[in-house]
There are 2 protein chains.
Amino acid sequence: MSQNADAAQPHPKSRGAARRAMRRGPTIDDVAELAGVSRGTVSRVLNGARYVSPAALKAVERAVRTTGYTVNQSARSLVTKQSNAVAFVLSEPQERLFEDPNFSVLLRCCTQALAEHDISLILMLESSDAERDRVLRYVRGGHVDGVLLISAHSGDPLVADLARGVVPAVACGRPGGPESAIPYVAAEDTEGARQMTRHLVAQGRRRIGMIACPQVVGGPERLRGYRDVLGRRALKRLVVHTSDYSFAAGAAAMRELLAESPDIDAVFAASDLLAAGALAELRRAGRRVPDDVAVGGFDDSRIARETDPPLTTIRQPLERVAADMVDVLLRLIRREPASSRLLPTELVRRESA
Amino acid sequence: MSQNADAAQPHPKSRGAARRAMRRGPTIDDVAELAGVSRGTVSRVLNGARYVSPAALKAVERAVRTTGYTVNQSARSLVTKQSNAVAFVLSEPQERLFEDPNFSVLLRCCTQALAEHDISLILMLESSDAERDRVLRYVRGGHVDGVLLISAHSGDPLVADLARGVVPAVACGRPGGPESAIPYVAAEDTEGARQMTRHLVAQGRRRIGMIACPQVVGGPERLRGYRDVLGRRALKRLVVHTSDYSFAAGAAAMRELLAESPDIDAVFAASDLLAAGALAELRRAGRRVPDDVAVGGFDDSRIARETDPPLTTIRQPLERVAADMVDVLLRLIRREPASSRLLPTELVRRESA
DNA sequence: GCAGATTCTGTGAACGCTCACAGACAACTC
DNA sequence: GAGTTGTCTGTGAGCGTTCACAGAATCTGC
């Protein structure tokens with residue numbers, strides 16, 4: 001049989017042709033050939049276009065257009081060791097966090113900001129230990145250039161891992177744990193809480209309660225702001241702690257507050273969702289808002305506009321938080337200096353207080 | 001100087017060593033060396049582990065563990081032409097859609113389902129033409145193995161592009177446009193709408209209005225279900241169209257309905273968010289719910305539990321929609337046959353109707 | 001004991017790109 | 001006109017995998 005004879009002489013050309021037929025798209029060599037230049041020149045055009053003659057530039061651009069060439073990211077990554085992707089890691093996402101409107105804004109704005117730099121966002125969940133392992137392996141494996149970390153609770157174990165500097169990382173909100181932790185971007189929670197508390201005081205409220213959530217990122221700061229303004233008037237029974245920012249927790253906390261201090265005339269909830277829950281509970285208890293009890297929220301999320309009455313709240317510039325997180329991360333990736341940032345908050349007056 | 005002498009003889013070995021020092025992690029060759037086998041054997045262990053002796057298997061596994069080896073996805077993708085990633089494309093995401101709780105559930109469940117197959121989810125937004133181009137180039141470039149398409153409005157132009165079969169794709173909800181379009185997974189919207197309408201009829205309601213949204217995916221089906229049950233009783237002035245599923249649109253539609261038909265005694269809103277808006281407007285108009293007017297929603301999203309009164313609504317099995325979308329997409333990627341799926345809905349009775 | 005499977009292993013050649021290098025040429029300076 | 005600088009170009013090597021192939025070893029059944 002002629003098989004052996006054929007096998008004896010390898011024919012790389014016909015093989016290459018066969019491959020080309022089943023290939024996804026044109027390669028850099030096809031573009032080079034069509035443009036009448038070399039691979040190297042095409043590559044230079046693709047990245048930066050320096051040291052390329054106008055004629056060559058034009059020819060390459062035309063060839064790229066006519067062939068519909070797209071750079072093969074895998075091949076590029078293989079040599080540059082950059083993935084042009086970052087992970088958006090959602091730590092401990094009980095459904096709650098995921099349905100938090102703040103988080104949605106963050107995700108959307110981060111995606112947009114990254115897209116402008118042609119970097120793609122890979123969403124990763126990290127609620128179980130197994131998932132954390134997966135994330136860590138993924139990140140360590142060099143699949144992403146950086147990590148945007150959205151943490152629900154402070155003291156996230158992933159922070160420690162990330163802090164070891166496997167890959168640049170930025171957190172949203174001040175992550176708890178050792179001081180050596182990773183840089184973060186957050187709103188000025190403490191000052192925001194002060195603004196709201198001062199506002200309630202200015203309205204003549206005497207018994208101002210707080211629904212706090214100190215385990216959640218940003219929570220301790222908001223409680224501190226409330227205490228800063230009220231001092232000794234921040235009675236113990238006026239402060240109730242919840243374990244998360246949820247509607248149900250807000251309602252339960254309000255119930256407790258009403259039972260402990262029936263003469264309460266204002267409540268500052270550490271998030272709009274908590275405030276919405278408090279509102280529902282107040283209605284059930286027959287208290288009018290704001291006449292009997294004023295309610296203040298925090299976040300200025302969509303919810304604040306949809307409650308009845310609409311919530312007076314503290315606006316966090318989440319769009320800017322997202323943009324700044326991306327900015328800090330990109331700087332870190334380029335090995336430029338970058339540090340944590342705190343963004344100003346603003347009181348938004350509506351009808352609840 | 002000795003420079004020229006050095007340059008004359010290339011020393012690949014010291015070069016390789018230098019590279020190794022700055023390298024991210026161990027390679028397959030390092031693992032092979034440590035395990036005392038060849039590259040090929042390690043590769044076989046990594047993918048499937050067939051035709052590998054127990055001894056070799058064990059040695060490789062140990063070596064992988066001690067070196068902390070992770071496969072370099074770029075190198076692998078370069079040869080397999082598979083990226084192990086899929087794009088989750090959010091078409092026309094006016095903020096609204098993004099803040100839709102349904103969408104959050106979908107995103108979360110898809111991410112989880114994909115993670116189980118070690119496939120990562122790349123989030124892409126596609127609200128402008130420029131962004132659609134980007135998405136298309138990205139997808140065409142072979143960066144992803146498939147696309148999960150979440151479309152707000154029917155007749156999305158991306159669908160047509162995707163339908164040309166660049167890459168496997170699955171839509172959530174029936175995409176409008178040519179019949180030749182891509183496969184989809186959706187709830188049985190028509191039947192769900194029938195369930196709700198029948199429920200309102202069974203409660204003795206005589207003037208049943210509808211807040212419909214026929215431009216949005218699923219919208220036409222829900223309107224059809226309402227008409228199926230009511231027949232000629234579905235008066236023109238009892239149906240108002242909105243352009244999206246938003247709180248504000250729901251409130252505006254309710255206002256219109258009250259003005260046109262003051263004797264209205266029930267409303268079926270095509271989404272919970274619309275129903276929440278209607279609820280707010282009814283309260284403002286002094287109508288009691290459900291005593292004066294019954295309100296039915298659709299989705300059974302988180303919102304339905306948080307309105308006052310809580311909404312009677314139609315539950316869509318979104319977790320299953322997400323799981324099925326991923327399942328269909330994976331089949332398509334493996335070139336197995338797979339077709340569109342319709343999932344059953346369920347009436348959830350609460351207090352609003 | 002030997003042909004034929006069957007299991008197991010190592011090796012070379014891609015995959016498509018970037019990057020360093022060297023060479024060609026043009027434009028200056030003295 | 002020779003040297004120096006700067007711009008522009010092509011080429012070879014290598015990134016870390018997988019895959020096809022071929023060869024070695026072991027097991028069948030007669």
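Here is the naming used below: chain letters follow the sequence lines, and residue numbers restart at 1 for every chain. Keep in mind the model is a prediction, meaning the values are calculated, not measured.
With hydrogens and angles ignored, the 3.5 Å screen pairs no side-chain donor or acceptor of B:Asp145 with any backbone N or O of B:Gln82.
Here the side chain of B:Tyr51 is nearest to one of D:dC8, C:dC8, D:dC15, namely C:dC8. In the set D:dT17, C:dG16, D:dC19, C:dG16 carries the atom at the smallest distance from any side-chain atom of B:Lys81. Residue A:Val52 places its side chain closer to D:dT9 than to any other of C:dC19, D:dT17, D:dT9.
Here the shortest heavy-atom pairing between A:Leu332 and A:Ala338 reads CD1-CB, 3.6 Å.
The residue from A:Val105, A:Val326, A:Leu106 that alone fulfils the side chain to side chain contact (heavy atoms under 4.5 Å, CB included) condition with A:Val321 is A:Leu106.
With sequence neighbours excluded, the residues that form a side-chain contact (heavy atoms from CB on, under 4.5 Å) with A:Arg39 are A:Ile28, A:Asp29. Here A:Ser74 pairs with nothing under the side-chain hydrogen bond (donor to acceptor under 3.5 Å, both in side chains) rule; sequence neighbours left out. With sequence neighbours left out, B:Ala35 forms a side-chain contact (heavy atoms from CB on, under 4.5 Å) with B:Val37, B:Ala59, B:Val60, B:Ala63. For A:Arg44, the side-chain contact (heavy atoms from CB on, under 4.5 Å) criterion is met by A:Thr41, A:Val52, not counting sequence neighbours. Qualifying side-chain contact (heavy atoms from CB on, under 4.5 Å) partners for A:Leu136, counting only residues two or more places apart in sequence or in other chains: A:Arg140, A:Leu158, A:Asp161. For A:Tyr138, the ring pair (Phe, Tyr, Trp, His ring centres under 6.0 Å) partners two or more places apart in sequence, or in a different chain, are A:His143. Checked against side-chain hydrogen bond (donor to acceptor under 3.5 Å, both in side chains), B:Thr70 has no partners two or more places apart in sequence or in another chain.
A close approach under 4.0 Å does not occur between any side-chain nitrogen or oxygen of A:Asn72 and OP1 or OP2 of C:dC15.
Separating the OH atom of B:Tyr69 from the C1' atom of D:dT17 is a distance of 7 Å, rounded to the nearest angstrom. Residue B:Gln82 contributes atom CD, which lies 17 Å from atom P of D:dT17 at whole-angstrom precision. Per the geometry, CG belonging to B:Leu46 stands 11 Å off P belonging to D:dC19, to the nearest Å. Atom-to-atom, CG of A:Asp29 to P of D:dG10 comes out at 12 Å; the value is rounded to the nearest Å. Rounded to an integer number of Å, the gap from CG of B:Asn47 to P of D:dA20 is 12 Å. Atom pair B:Arg76:CZ and C:dA14:C1' shows a separation of 17 Å (rounding to whole Å applied). Across the protein-nucleic acid pair, B:Arg50 atom CZ and C:dT6 atom P stand 13 Å apart, rounded to whole Å. If you measure from atom CG of B:Leu78 to atom C1' of C:dC15, you get 4 Å, rounded to the nearest angstrom.
A heavy atom closer than 4.0 Å to some atom of DNA chain D occurs in A:Val37, A:Ser38, A:Arg39, A:Gly40, A:Thr41, A:Arg44, these being the qualifying members of residues 35-44 of chain A. A heavy atom lying under 4.0 Å from DNA chain C marks the following residues of residues 53-61 of chain B, by number: B:Ser53, B:Ala56.
In this structure, the helix from C:dG1-D:dC30 to C:dC30-D:dG1 shows an angle of 30° between the axis at its start and the axis at its end, each fitted on 5 base pairs and rounded to 10°.
Applying the side chain to side chain donor-acceptor pair (under 3.5 Å) rule to pairs touching residues 327-339 of chain A yields A:Asp327-A:Arg331, A:Asp327-A:Arg341, A:Arg334-A:Glu336, sequence neighbours excluded. Each side chain to side chain donor-acceptor pair (under 3.5 Å) pair with one or both residues in residues 53-68 of chain A, not counting sequence neighbours, would appear here, but there are none.
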